[in-house]
Every structure is written in structure tokens, then in C-alpha cells.
Amino acid sequence: MSNSEENSEENRGQMLQDRGFLRERHGTERRLESLAKLNVSPQALRALPSDFVRSHRILPFEISNGTIHIATADPGNQRVIDDIRLLSGLEVQESVASASEILEKIAECYQVTVEKMVENLRPEHGSNGESKNLHDIEGMANEPTVINLVNLIISTALRERASDIHLVPFEETLQLRYRIDGLLQEKPPPPKQLHAALVSRIKIMADMNIAERFMPQDGHIQIHHRGTRVDIRVGTMPTIYGESLVLRLLEKGAKLLTPQELGLDAERSALLSRLVEKPHGLFLATGPTGSGKTTTLYSILQGIYTPELKILTIEDPVEYELPGVAQIPVRPTRNFTFANGLRSILRQDPDVVMVGEIRDSETAEIAIRAALTGHQVFSTLHTNDSTGAVTRLLDMGVEAFLISSSLEGVLAQRLVRRICPHCRVESPVPTAVRDKLEALGARRIEGVFYRGNGCEECRGTGYRGRIGIFELLPISPELRDLILQKRSNAELKTTAQKTMVTMHQDALQKAAEGITSLEEILRVSSGDLLE
């Protein structure tokens with residue numbers, strides 16, 4: 001190597017050290033730091049076969065002056081070095097990194113993306129799959145190309161932390177969207193002619209009837225992804241352009257969060273503990289679909305569980321498995337509904353019962369009578385605020401004296417996106433946002449607020465993850481009297497707000513702390529939580 005090449009190589013090493021990627025060890029051996037953020041050269045990736053890279057757990061990341069730079073967890077392996085020289089025709093410079101970091105970076109760099117696969121598929125298939133007969137469609141569904149595309153769509157969704165996958169056909173296109181942090185994000189669509197084959201493949205995986213295309217169906221898939229079991233609920237719905245699919249992704253190994261991790265402050269977490277540790281009574285979580293009600297109840301059950309308590313749940317469906325808790329799915333096709341199931345499990349001598357949702361007066365009355373006869377009962381309702389739970393039960397036909405006697409507390413909630421901590425900056429409140437919030441009843445839009453600029457960590461959205469905003473309503477003697485008198489929701493709310501932190505107040509506090517943004521509060525509220 002010439003003197004100029006040696007100097008260039010030294011400069012390259014010094015540059016990486018200056019950036020914080022390399023650290024000298026024992027004088028000659030170099031340690032790679034921040035491997036996840038290291039920019040990898042496409043030229044280096046092409047220099048070695050992907051199978052060789054994976055099997056030897058090495059990562060080529062740079063080529064300069066006739067030398068290929070690699071990351072390895074096993075430096076000094078002369079056989080591997082000789083193979084790299086032979087395959088690439090280059091000299092080899094080793095740097096050290098952990099095997100787990102290398103494997104993760106290899107998966108990121110060599111992955112086949114949905115975009116790449118879709119682009120490769122576009123010219124391959126002819127006429128619209130809808131016109132093919134059932135035998136042809138089933139055959140296409142078992143083609144390696146279709147199998148790989150379905151697997152890739154699911155694995156990419158899991159990697160991007162999606163909760164749902166939506167596949168919807170239109171006249172000329174097939175729309176693919178992932179729901180990430182509560183919002184749908186559009187992805188490059190598969191070719192429309194693959195629609196029937198993709199739907200059939202997913203139906204085969206979910207043990208559904210691929211011949212039935214004109215009635216809604218539900219199915220279930222169980223897979224393993226990066227060592228974690230994932231349950232996928234599949235729902236189909238016929239549309240004028242073919243079947244629409246929604247896949248709900250549930251990671252069974254996901255850690256259940258405590259109430260404080262979900263977004264409750266220490267004071268209200270302590271109040272919640274006092275409410276849910278009572279030996280009997282009814283506790284409700286309320287909010288719209290997708291607001292995290294069931295997750296909150298799971299967190300509560302996890303917190304109160306002891307071997308001395310027998311806890312039973314009846315759910316539609318069972319979303320997470322709770323250690324020590326007997327969980328029962330409803331089966332409407334066999335007339336095993338919430339009401340029928342609740343009657344049955346009360347004969348199993350439970351101490352604590354969780355009913356996935358109170359949907360009708362029959363279920364409501366059985367749940368309330370169970371709470372009055374020595375059981376601790378948890379359930380969910382679809383209402384906009386905490387006091388709305390009372391009026392909703394009254395509308396169902398439940399007697400006021402039963403509600404007054406059994407109800408111990410209500411937790412109303414929404415989910416808002418968290419500002420990405422990697423790109424969070426202070427931001428003046430836009431005049432339009434201030435005016436809208438104040439028009440909806442928000443007060444004192446003052447102080448410092450924040451937003452996300454958008455970065456690689458949050459994929460340019462400015463948000464990463466979600467957190468709850470809550471209002472926790474304990475049923476006081478004054479409220480019990482008002483319930484007994486069937487007072488209006490407005491009167492109940494006025495009385496409750498004397499001592500309760502409202503969702504409006506909680507939302508603005510989280511915005512002031514830089515957890516979420518005012519724009520996000522405005523998006524989620526639609527005015528109802530700011531009244």
C-alpha cells in the first residue's frame with residue numbers, strides 16, 4: 001500500500017472515531033459504537049453475498065482505497081478474512097461490534113421491502129384475479145411469490161409497530177395501509193390483479209372459507225416474530241370491488257404497563273388503586289373504540305392479582321393472556337354471549353369478574369347484580385366522558401337505585417400520540433390552533449409547548465408511541481344521591497368537576513410537559529373532551 005493510501009486509511013479511521021463510531025482498543029483493535037445509526041455503503045453491501053454475511057455474522061459497511069471495512073464480533077478469524085478477500089477482491093479492515101447489533105443491522109440492510117417486492121411483481125401477472133375460477137385462485141394463493149408477499153406485509157407491519165393492516169380493493173387499485181400510533185399510513189399497493197390471491201392466502205392462513213366471498217368472515221392466525229408470539233385477528237367484508245380485509249396484530253409477549261406508565265399521575269394512580277381494591281362493586285372504563293379501555297382493565301387486573309383471588313374474564317376476543325387469570329372468549333355463533341357467559345361464570349365462584357363490554361341491558365343488569373352480591377366487576381362502555389357512563393346505563397333500562405348502589409368508579413380515557421423525544425423542540429402555539437382550542441372551551445393556552453420536527457426514529461411524523469389522557473371519577477355520596485334522582489349528565493358533570501381532574505386538564509398538562517402536542521389534542525378531542 002502506498003504512503004498516500006495509508007494516510008487516507010488513517011484519515012478514514014480518524015473520521016469514524018471523530019463521529020463516535022470507532023473507539024481504539026488495545027492500540028490496534030477498533031470498537032464500533034452506535035452501529036444502529038451507522039450509514040452503510042450500498043457498494044459495500046453488494047461486495048459480499050447476503051448468505052455469506054448472515055452465516056458469518058459480519059457487516060460490510062464501507063469501501064475505501066481498495067479496502068472493505070467490516071464489523072464483526074469475532075475479529076482475527078483468518079479463514080473468514082481470506083474468504084472475504086477472495087469474494088470481494090479487496091483488503092479487509094475489521095472493527096468490533098456485538099453479534100446482536102450486527103445481526104439487527106444485517107436484517108435492516110439486506111431486508112426485502114414490500115416496496116421492492118411490489119415493484120418486481122407488477123409486470124408478472126396478467127388479468128385481474130377476480131375473473132379466475134376458484135381452483136386457479138387457490139393455486140395462486142399457494143405460489144411462493146404470494147406467500148412471500150403476505151409474510152412480508154405482516155412482518156413489515158410488526159417491525160413498524162402497526163396495530164392493524166388494511167387491504168381494501170377499489171376499481172383500479174388495491175390500497176394497503178398500516179395503522180401506526182392510531183393513524184392510518186398508506187403504503188405502496190400490491191398489484192390489483194393479485195387481490196384475489198392475497199385474500200385467499202390470508203384466508204388459508206386464518207382457516208377461513210376461501211369459497212365464500214359474499215359474506216363477512218372472521219378468522220385467526222398465530223405466528224412467531226423475533227421470538228414473540230403474535231395473534232392476528234382477520235376480518236373480511238365484501239365490497240363492490242371485492243373483499244376488504246383488516247388484520248389486527250396482537251403481540252402476546254408485549255409487556256402490560258402499569259397505570260402510571262399508561263399515563264396516570266401518581267396521585268390518581270393511588271386513587272385508582274383504592275377504588276379497584278374494594279371487595280365488591282362495579283368499575284367501568286369508558287371511551288370510544290380504540291381508546292385503550294381493555295388495556296387499562298388488563299393493567300388493573302395485573303395489579304390486583306394474588307393467588308388468593310379467583311379472577312375470571314369473558315371477552316370478545318381475548319386480546320392478551322394474563323398469568324393466573326381464567327379468560328373465556330364469547331362465541332355468538334353458539335349462543336355463548338356476554339350475558340349467557342356471565343351467568344355461567346358467576347357459578348364458578350369468582351372473586352373478580354371482567355366483562356369485555358356491556359352492550360345491552362341484560363348484560364348490564366347481570367353485571368350490576370353481581371357487583372351487589374359480593375363480586376368485584378370490571379367492564380367497558382362506549383361513552384365520551386366519565387359521567388356519561390351513568391346516563392348510558394340509565395338509557396339501557398337499568399334502575400337508578402342499582403347504579404347508585406353498585407358503581408364505585410369510572411375511568412374515561414383517550415389515546416394521544418407522544419412527541420418523538422429524538423426531535424422534540426419548543427414551539428410557539430399557532431394562532432389557528434389557539435383559536436380552535438379556545439373556541440372548544442379550552443382555557444389558558446399559555447406557556448411553553450412542543451412539537452416534533454420529524455426524524456428517522458419517528459419516520460418523519462414527529463410522534464412515536466401513544467399515551468393515555470384520563471379523567472377518574474370516584475362515586476361520592478353526593479353523586480350517588482344525584483344518580484338516584486336521575487339527574488342529567490350536565491348536573492352530574494358539574495358536581496364531579498369540583499374534585500375531578502378532567503380529560504381537558506390532563507391533556508393540557510401533558511402538552512405543557514412536552515409529552516404531546518396541542519395539535520394532537522385538537523385532533524383527538526373533536527371538542528368533546530374540552531367541554
Side-chain angles (χ1 to χ4, degrees), residues 1-117 119-120 152 155-156 158-161 225-227 420 422-423 454-460 464:
M1 186 181 291
S2 68
N3 289 338
S4 61
E5 287 178 334
E6 288 179 359
N7 291 336
S8 176
E9 182 59 37
E10 288 176 5
N11 291 338
R12 164 68 183 170
Q14 186 61 50
M15 179 183 69
L16 288 171
Q17 279 184 288
D18 292 343
R19 291 181 182 175
F21 289 120
L22 283 177
R23 183 176 297 165
E24 296 288 345
R25 289 190 3 171
H26 312 305
T28 58
E29 190 177 301
R30 298 187 299 181
R31 174 80 188 178
L32 268 170
E33 303 291 343
S34 305
L35 187 58
K37 297 181 180 179
L38 180 64
N39 288 326
V40 176
S41 161
Q43 182 187 7
L45 294 177
R46 290 192 294 270
L48 297 174
S50 59
D51 289 346
F52 177 85
V53 167
R54 290 189 177 94
S55 63
H56 292 288
R57 299 185 179 188
I58 61 167
L59 175 71
F61 62 88
E62 182 71 22
I63 293 177
S64 60
N65 299 317
T67 299
I68 185 168
H69 299 259
I70 67 165
T72 177
D74 180 27
N77 188 324
Q78 194 58 46
R79 182 176 175 181
V80 173
I81 292 172
D82 290 342
D83 286 345
I84 295 171
R85 285 185 179 132
L86 182 64
L87 289 166
S88 67
L90 301 166
E91 290 300 313
V92 181
Q93 174 68 56
E94 294 181 307
S95 299
V96 181
S98 72
S100 60
E101 285 184 309
I102 290 172
L103 287 173
E104 193 167 323
K105 194 68 174 179
I106 287 172
E108 176 189 324
C109 293
Y110 286 91
Q111 69 182 346
V112 179
T113 65
V114 174
E115 291 90 332
K116 288 178 185 175
M117 191 166 187
E119 190 61 36
N120 292 335
L152 193 57
S155 63
T156 302
L158 289 166
R159 191 167 59 249
E160 295 189 12
R161 302 178 297 105
H225 180 259
R226 295 185 176 180
C420 175
H422 301 279
C423 60
C455 63
E456 288 185 8
E457 294 292 332
C458 62
R459 300 180 183 273
R464 184 175 176 82

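Note: hydrogens, waters and symmetry copies are ignored here, and every other heavy atom, side chains too, is used.
Side-chain contact annotation: His69 with Ser95, donor-acceptor N/O pair under 3.5 Å absent.
A salt bridge between Arg85 and Asp82 is present, with a side-chain N of the basic residue lying under 4.0 Å from a carboxylate O of the acidic one.
Of all heavy-atom pairs spanning Thr72 and Asp74, the tightest one is OG1-N, 3.0 Å. In plain terms, the two heavy atoms of Ala47 and Ile68 that are nearest each other are CB-CD1, 3.9 Å. Listed here is the closest heavy atom pair of Ala99 and Ala73: N-CB, 3.7 Å. Minimum heavy-atom separation, Ile106 to Val53: CD1-CG1, 3.6 Å. The minimum heavy-atom distance linking Leu48 with Ser88 is given by the pair CD2-CB, 4.2 Å. Taking both residues in full, the closest heavy atoms of Ile63 and Ala44 are given as CD1-CA, 3.8 Å, listed atom of the first, atom of the second, then distance.
In this structure, CD1 in Ile70 is found 10.5 Å from NE2 in His56, a value given to the nearest 0.5 Å. Interatomic distance, Ser41 OG to Arg46 CZ, rounded to the nearest 0.5 Å: 7.0 Å. Distance check: Arg79 CZ to Ile81 CD1 gives 13.0 Å after rounding to the nearest 0.5 Å. Atom CD1 of Ile84 and atom CD of Glu91 lie 11.5 Å apart (nearest 0.5 Å). Here the straight-line distance linking atom CG of Asp83 with atom CD of Gln78 works out to 10.0 Å at 0.5 Å rounding.
Checked by atom type and distance alone, the side chain of Lys105 pairs as donor or acceptor with a backbone atom of Leu38 at under 3.5 Å. At least one donor-acceptor pair under 3.5 Å links the side chain of Glu94 to the backbone N or O of Gly76. Of the possible polar contacts, one joining the Arg464 side chain to the Glu457 backbone as a donor-acceptor pair under 3.5 Å is found.
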